[in-house]
**Q** 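My structure is below; once you've seen it, I'll send some questions.
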Amino acid sequence: VFLLLAILSIFAVAAPDSTIFWLGGAVNYSWTFLFFIWYMCVLRAMFEGQPLFGDNMKIRILTLLWGLFCGMSNENNGPMVLLLTFCFYVFIRFVKKESLPLWFYFFFGGAFAGVIIMLFGPGLHARMKYDAVGFGIPALKEKMFFHINHMHNFIKANLLLPAVNFVALLILGIDWDKKAFKNKDYLLSLLCYIISWTLIAVLFVAPDTGWRPFYSGSLFSIVSFVLMLKY
């Protein structure tokens, strides 16, 4: 499994030449993703009742900074961290009816602040000044669908894994005794697949991003593929 992940992490991620080897602007889409996926590991451990660390003031300060870093990372990871944190909160508090440690709220506050800084800070406005495609001219309802015609680029950049995952998860899910939906590996594969496309959907408003922002989505697609094989 680790060998497969290593191979796919080189050849099946979006634009490996720029996101992994060329440490330029693409760093925003590759190296910051480590903090994103570490957070996912922490949430899974908490969900399974085996938290990876306790709750004290030092942890709260560290998770506040962690959340700030995740929120500021880039235009798809930041909003996705907020969405996942909110969904996890709703599930734990209202479905499982359990309490959450205080560091969780510190992380959420940091992530929210990070997203606000990223979206309204001077860096984004400076980038918009150099906009060469007239992004500021169309109405919001047009901007919401700018990037849909680039979705096939994500599938190609990910070595067709999104298509393979979709067909495999669909076939495995069509099971009269609902066995798949009782299996943790299948559910995690499905969750990672949904996350991968949500990370891409955040980019819908971008008129033309290239392939680099697909990095985080392609990695979650790889994880979904490996979990599906494990199932």
Side-chain angles (χ1 to χ4, degrees), residues 1-21 26 29-52 70 73-74 76-77 79-81 83-85 87-88 91-92 95-96 148 150-203 210-231:
V1 171
F2 279 104
L3 180 60
L4 178 62
L5 280 170
I7 293 171
L8 291 175
S9 294
I10 298 295
F11 296 105
V13 295
D17 58 328
S18 62
T19 49
I20 297 177
F21 305 120
Y29 301 105
S30 54
W31 298 99
T32 55
F33 182 72
L34 284 171
F35 292 87
F36 182 97
I37 203 162
W38 287 341
Y39 179 58
M40 291 293 293
C41 293
V42 169
L43 289 187
R44 178 179 174 181
M46 221 165 43
F47 171 77
E48 294 182 346
Q50 299 175 335
L52 298 180
C70 286
S73 58
N74 58 58
N76 52 345
N77 288 2
M80 190 65 199
V81 161
L83 178 62
L84 284 169
T85 303
C87 291
F88 190 81
F91 183 79
I92 295 297
V95 178
K96 295 189 75 174
I148 291 180
H150 299 289
M151 291 299 101
H152 64 286
N153 288 335
F154 169 54
I155 297 173
K156 288 194 294 184
N158 198 205
L159 284 185
L160 304 183
L161 285 185
V164 173
N165 287 348
F166 176 79
V167 173
L169 289 170
L170 182 63
I171 292 172
L172 294 172
I174 301 174
D175 190 342
W176 291 111
D177 60 3
K178 300 295 187 293
K179 183 178 69 174
F181 291 96
K182 298 175 184 177
N183 184 278
K184 183 168 66 175
D185 291 323
Y186 180 86
L187 291 175
L188 284 172
S189 176
L190 182 62
L191 176 64
C192 288
Y193 185 72
I194 293 171
I195 290 174
S196 71
W197 274 105
T198 308
L199 282 163
I200 303 306
V202 174
L203 301 169
W211 289 16
R212 295 188 317 188
F214 295 153
Y215 179 83
S216 52
S218 60
L219 267 183
F220 262 103
S221 178
I222 289 171
V223 175
S224 172
F225 178 68
V226 172
L227 285 166
M228 183 267 296
L229 291 182
K230 186 171 181 286
Y231 168 71

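Everything numeric in this text was worked out from a predicted model, so none of it was measured.
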**Q** K156: what forms a salt bridge (charged side-chain N to carboxylate O under 4.0 Å, His left out) with it, not counting sequence neighbours?
**A**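 Expected list: none.
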**Q** Decide whether a cation-pi geometry holds between K96 and F47; the criteria are a distance under 6.0 Å from NZ or CZ to the six-membered ring centre and an angle within 45° of the ring axis.
**A**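 Verdict for F47: a cation-pi partner in K96.
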**Q** Any non-hydrogen side-chain atom of V223 less than 4.5 Å from a side-chain atom of I195?
**A**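 V223 vs I195: side chains apart.
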**Q** Restricting to pairs with a member in residues 220-231, which pass salt bridge (charged side-chain N to carboxylate O under 4.0 Å, His left out), not counting sequence neighbours?
**A**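 Every pair satisfying salt bridge (charged side-chain N to carboxylate O under 4.0 Å, His left out) with a residue in residues 220-231: D185-K230.
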**Q** What's the separation between atom CD1 in I222 and atom CZ in F11, rounded to the nearest 0.5 Å?
**A**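 CZ of F11 is found 11.5 Å from CD1 of I222.
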**Q** If the condition is side chain to side chain contact (heavy atoms under 4.5 Å, CB included), which residues does L187 pass it with, not counting sequence neighbours?
**A**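 In terms of side chain to side chain contact (heavy atoms under 4.5 Å, CB included), with neighbours along the sequence ignored, L187 is linked to F181.
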**Q** Who pairs with F154 by ring-ring contact (aromatic ring centres under 6.0 Å, His included), at least two apart in sequence or on another chain?
**A**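 ring-ring contact (aromatic ring centres under 6.0 Å, His included) check on F154 returns W197, F214.
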**Q** Would you check if F225 and L229 make a side-chain contact, meaning some heavy-atom pair closer than 4.5 Å?
**A**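 The answer is yes; the side chains approach within 4.5 Å.
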**Q** Quick one: closest heavy-atom pair of L199 and N76, and the distance?
**A**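 Reported closest heavy-atom pair: O-CB, 3.3 Å.
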**Q** Got a second to check how far L159's CG is from L8's CG, nearest 0.5 Å?
**A**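 Answer for the CG-CG pair, L159 versus L8, is 7.5 Å.
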**Q** Could you check whether any side-chain N or O of Y186 sits under 3.5 Å from a backbone N or O of L169, counting only pairs where one atom can act as donor and the other as acceptor?
**A**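 Present.
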**Q** Does any pair with a residue in residues 219-228 pass side chain to side chain donor-acceptor pair (under 3.5 Å), and if so which ones, sequence neighbours excluded?
**A**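 Qualifying pairs: N158-S221, N165-S221, S189-S224.
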**Q** Taking atom CZ of F166 as the centre, report whether more than 12 heavy atoms of other residues, nucleotides or ligands fall under 6.0 Å from it.
**A**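 12 or below, so no.
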**Q** What side-chain donor-acceptor pairs closer than 3.5 Å can you find for residues 32-44, not counting sequence neighbours?
**A**
from	atom 1	to	atom 2	distance (Å)
T32	OG1	N28	O	2.6
Y39	OH	T85	OG1	2.8
R44	NE	E48	OE2	3.3

**Q** Quick one: CE on M228 to CG on L190, what's the gap to the nearest 0.5 Å?
**A**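 These two atoms lie 11.5 Å from each other.
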**Q** How many angstroms lie between atom CG of L4 and atom OG of S9, to the nearest 0.5 angstrom?
**A**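 If we round to the nearest 0.5 Å, L4:CG and S9:OG are 9.0 Å apart.
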